[in-house]
Undergrad: 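The structure is given below, and queries will be raised subsequently.
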Amino acid sequence: MSGFRGQVTLDGPSGTGKSSVARGVAARLGAAYLDTGAMYRAATVAVLTAGADPADAEAVARVVAAARIEVGTDAATETVLVDGVDVAERIRGAEVTRAVSAVSAVPAVRRQLVDQQRALVAGADAVVVEGRDIGTVVLPDATVKIYLTAAPEARAQRRAAQLGLSAPAEIAELAADLRRRDEFDSSRADSPLRPAADAIVVDSTELDQQGVVARVVTLAREAVSVGERA
Ligand SMILES: Nc1ncnc2c1ncn2[C@@H]1O[C@H](COP(=O)(O)OP(=O)(O)OP(=O)(O)O)[C@@H](O)[C@H]1O
Ligand SMILES: Nc1ccn([C@H]2C[C@H](O)[C@@H](COP(=O)(O)O)O2)c(=O)n1
């Protein structure tokens, strides 16, 4: 069964499963998919490539304003280009991950990318958008808003499995990185990470990925049928 029409937002801290779950939900609903974190990561590639300091907000805003950032909306393929160059792999590297929180805290960068995100989903009948401020800022009138959480230990273990790491010291380092990014993303002045007032919190700690996808698909379909009855 498909026929879903509407907007699903998926926000939450790092490593809770937003990207993998959002892709699965988009595939099940026949919806477009937008990874907004990939856009902030692409902006960070532009900053690093230009040799600008990620902590220098004015320089960051200048470089990002001049960059052409293109991100695809097909759940089956990942397209991320900066000025025509494929950066899909580079955006996942440690250098970008270290700098992305600073770049994404710059208000001018957020305004530019939020405008682009709204334009990218404007024509879609059905779309799943994931990030940190999608339910609160980007799409405040979305059909259903999900805030995905998971225990810090589960998130660090999942990230370690993803990267093929198993040493306790490596897992502790991953956990510290997740904590650092969450603290930064939650405490920034502009569009901090937090659940929208009308978001449904889904805790994935005890669920496998397919279980989370199934739960979100059910919530999305329920929201549409409640909307139709209203
Ligand atoms: N419910 C789950 N159970 C076990 N593993 C999961 C679950 N959900 C996602 N994962 C795995 O956890 C890892 C992190 O997931 P993912 O990259 O989707 O998280 P994220 O929230 O998008 O992270 P980030 O915000 O840092 O981009 C992936 O390897 C993914 O396959
Ligand atoms: N809507 C968004 C999406 C992402 N960010 C920032 C915060 C993250 O640390 C960084 C990378 O996101 P990820 O790829 O790990 O999901 O981008 C944001 O501020 N707003």
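The residues of the chain are indexed from 1 along the displayed sequence. One-based numbering, in listed order, for ligands and for the atoms of each.
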Undergrad: Could you identify the single nearest non-hydrogen protein atom to atom 16 (O) of ligand 2 and state the distance to 0.1 Å?
TA: R132 NH1, 2.9 Å
Undergrad: In ligand 1, which numbered atoms sit nearer than 4.0 Å to a non-hydrogen atom of S14?
TA: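 Those atoms are 25 (O), 26 (O).
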Undergrad: Regarding R5 and D125, does a basic nitrogen lie under 4.0 Å from an acidic carboxylate oxygen?
TA: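 Salt bridge between R5 and D125, a charged N being under 4.0 Å from a carboxylate O: yes.
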Undergrad: Please list the nearest protein heavy atom to atom 7 (C) of ligand 2 with its residue and the distance rounded to 0.1 Å.
TA: D185 OD2, 3.3 Å
Undergrad: Among all protein heavy atoms in this structure, tell me which lies nearest to atom 3 (C) of ligand 2, with the distance rounded to 0.1 Å.
TA: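 Answer for atom 3 (C) of ligand 2: T36 OG1, 3.4 Å.
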Undergrad: Inspect the contact between D177 and R180 and indicate whether a charged nitrogen and a carboxylate oxygen are less than 4.0 angstrom apart.
TA: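 The answer is yes: the pair qualifies as a salt bridge.
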Undergrad: Please check whether E130 reaches ligand 1 - meaning an N/O of the residue sits under 3.5 Å from an N/O of the ligand, judged on distance alone.
TA: no
Undergrad: Out of G131, S19, G17, who gets a non-hydrogen atom closest to atom 22 (O) of ligand 1?
TA: S19
Undergrad: Can you find a non-hydrogen atom of R181 under 4.0 Å from ligand 1?
TA: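 Heavy atoms of R181 do come under 4.0 Å of ligand 1.
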Undergrad: Would you call G15 a ligand 1 contact, heavy-atom distance under 4.0 Å?
TA: yes
Undergrad: Taking the non-hydrogen atoms of R132, is any one of them nearer than 4.0 angstrom to ligand 1?
TA: yes
Undergrad: Suppose we measure from atom 20 (N) of ligand 2 to each protein heavy atom; which comes out shortest, and what is that distance?
TA: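 Going by distance alone, atom 20 (N) of ligand 2 is nearest to R110 NH2, 3.0 Å.
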Undergrad: Which of the atoms in ligand 1, numbered in the order shown and given with their element, are less than 4.0 Å from a heavy-atom of L207?
TA: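 Every atom of ligand 1 under 4.0 Å from some heavy atom of L207: 1 (N), 2 (C), 3 (N).
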Undergrad: Mark up the atoms of ligand 1 that fall under 4.0 Å of a heavy atom belonging to D208, in ascending order.
TA: 1 (N), 2 (C), 3 (N)
Undergrad: Just to confirm my output: which protein heavy-atom neighbour is closest to atom 14 (O) of ligand 2, and how far is it?
TA: R41 NE, 2.7 Å
Undergrad: Which residue and atom name correspond to the protein heavy atom nearest atom 6 (C) of ligand 2, and how close is it?
TA: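 Heavy-atom neighbour on the protein nearest atom 6 (C) of ligand 2: S104 OG, 3.6 Å.
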Undergrad: Can you see whether T44 engages R98 through a side-chain donor-acceptor pair at a distance of less than 3.5 angstrom?
TA: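 No.
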Undergrad: Hey, is S14 one of the residues with a heavy atom under 4.0 angstrom from ligand 2?
TA: no
Undergrad: Out of R92, M39, R181, R188, indicate the one that has the non-hydrogen atom closest to atom 15 (O) of ligand 2.
TA: R181
Undergrad: Tell me which one of L113, D133, V114 gets a heavy atom nearest to atom 1 (N) of ligand 2.
TA: D133
Undergrad: Below 3.5 Å, N or O to N or O, backbone or side chain included: is there any such pair between Q209 and ligand 1?
TA: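 Yes - when backbone and side-chain N and O of Q209 are compared with those of ligand 1, one distance drops under 3.5 Å.
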Undergrad: Salt bridge between K145 and D133, side-chain N to carboxylate O under 4.0 Å?
TA: no
Undergrad: Going by the closest heavy atom to atom 26 (O) of ligand 1, which one wins out of E206, R92, R159, K18?
TA: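 It is R159 that holds the nearest heavy atom.
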